[in-house]
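Just below is one structure, and these are the notes that go with it.
Being a predicted model, the structure only gives us computed values, none of them experimental. No hydrogens, no waters, no symmetry mates; every other heavy atom, side chains included, goes into these values.
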Amino acid sequence: MGAKIKGRPVVVTGGGSGIGAALALEAANRGAGHITVSDVDLEDAQAVAESIAAQGGAAAARQCDVTDAAAVEELAQAVAAEHGVPALVCANAGVMSAMAPLLHTASSDAEWVVRVNVLGTINTLQSFGRLMADGQEQGWLMATGSEHSVGVPHANSGAYTASKHAVLGMCAVLRAELPGHVGISVVCPGLTVSKLWNATRQRPQQYGGNADSDPGAGVFMEQMGMSAETVAQRAFDGIAEGHFLIPTHYHARAYAQQRADDMAEAYDRLAEIDTADYDLNRTVAAFLTAAAEDQEAR
């Protein structure tokens with residue numbers, strides 16, 4: 001069973017534009033009780049909240065930099081105090097630096113991308129996940145990954161691809177750690193109409209400061225990308241059904257299959273050498289069971 005948001009609070013980070021804005025609007029369309037639209041750009045977030053209100057929904061904008069763990073915790077506590085523990089939190093905030101070969105990507109750009117896409121997602125999942133885990137009502141966490149999470153190599157954007165692999169990895173771990181009343185999904189969109197191409201317009205000074213990206217990239221995304229509304233609809237369909245992995249662009253299957261084939265081939269080669277069992281999960285479980293039995297025997 002998946003997320004149930006009707007009449008309950010929803011939070012979307014990076015909700016001021018693109019996929020985030022579409023997720024916030026889709027939450028309203030599906031009957032969420034109140035939507036918190038969070039973004040580092042408060043004006044963008046306010047515009048989305050006003051659009052929701054104009055359609056008869058309830059929404060409020062909040063400024064938040066997800067790389068600031070204290071600020072995210074403050075956001076989570078404020079939402080819970082004012083509206084209750086959310087039914088759904090979309091950890092969607094993300095950035096992409098100017099495209100460049102990995103060997104020539106500035107370390108400051110790579111650090112900025114990792115801090116927002118990885119640490120920002122961790123901060124969001126932790127703060128809101130703890131609220132959900134400590135409560136009694138069903139809750140759902142959703143992180144925005146990418147088709148690059150599942151094997152599509154993003155040429156000239158190695159740091160971004162790495163960050164989206166990390167999002168899938170952390171969510172897979174959290175999936176095993178969450179209590180039964182809290183679920184989690186990773187949405188993996190491909191090319192989508194959004195402002196991601198120009199994320200550097202709000203890049204902090206320590207990572208190079210504000211800069212406009214090539215407008216040609218924006219034209220390309222506008223003309224070739226899937227609509228953010230379609231991505232949001234597919235995301236909500238997936239979490240309603242309780243799916244962990246939610247792809248939105250079918251073409252990425254070929255890349256994911258190639259990744260699976262490469263891994264199968266690699267392990268087939270290894271099988272000719274050694275198939276000894278060093279499975280960490282089974283080893284730890286056996287160790288803990290033995291320790292518990294030993295403690296009882298004493």
* **Selection residues 8-20 - residue pairs positive for side-chain hydrogen bond (donor to acceptor under 3.5 Å, both in side chains), sequence neighbours left out** => none
[Y] versus [X], side-chain donor and acceptor atoms under 3.5 Å:
X	Y	value
E50	Q46	no
Q233	D237	no
W140	S185	yes

Can you confirm whether more than 12 heavy atoms, excluding those of [X], are under 6.0 Å from its [atom1] atom?
X	atom1	value
Q206	CD	yes
E82	CD	yes
R130	CZ	yes

For the side chain of [X] and the backbone of [Y], is there at least one donor-acceptor N/O pair under 3.5 Å apart?
X	Y	answer
K164	T144	yes
Q63	V40	yes
E137	P86	no
N92	G14	yes
S163	T161	no

Report yes if the side chains of [X] and [Y] come closer than 4.5 Å at any heavy-atom pair, otherwise no.
X	Y	result
L168	F244	yes
C171	L125	yes
M96	H154	yes
H34	V79	no
T248	E147	no
T67	V116	yes
V37	I52	yes
L88	M142	yes

* To do: Sequence neighbours left out, what passes ring pair (Phe, Tyr, Trp, His ring centres under 6.0 Å) with H165? Give chain and number order.
  => none
Quick one: [atom1] on [X] to [atom2] on [Y], what's the gap to the nearest 0.5 Å?
X	Y	atom1	atom2	result
L42	C64	CG	SG	11.0 Å
I19	T230	CD1	OG1	11.0 Å
L75	S127	CG	OG	8.5 Å
E26	E229	CD	CD	9.0 Å
I35	I5	CD1	CD1	7.5 Å

Can you name the nearest heavy-atom pair linking [X] to [Y], along with the distance?
X	Y	answer
G145	V167	CA-CG1, 4.1 Å
A252	V152	CB-CG2, 4.0 Å
A228	A22	O-CB, 3.3 Å
A110	T105	N-CG2, 4.4 Å
V48	A24	CG1-CB, 4.1 Å
L191	H249	O-NE2, 2.8 Å

* Do V187 and Y255 share a hydrophobic cluster (ILVMFWY, side-chain heavy atoms under 4.5 Å, transitive)? -> no
For residues 172-183, which side-chain N or O atoms pair as donor and acceptor with protein atoms under 3.5 Å away, sequence neighbours left out?
from, atom 1, to, atom 2, distance (Å)
H181, NE2, M132, O, 2.8
H181, NE2, G135, O, 3.0

* Carboxylate-amine/guanidinium proximity below 4.0 Å for R115 and E111 -> no
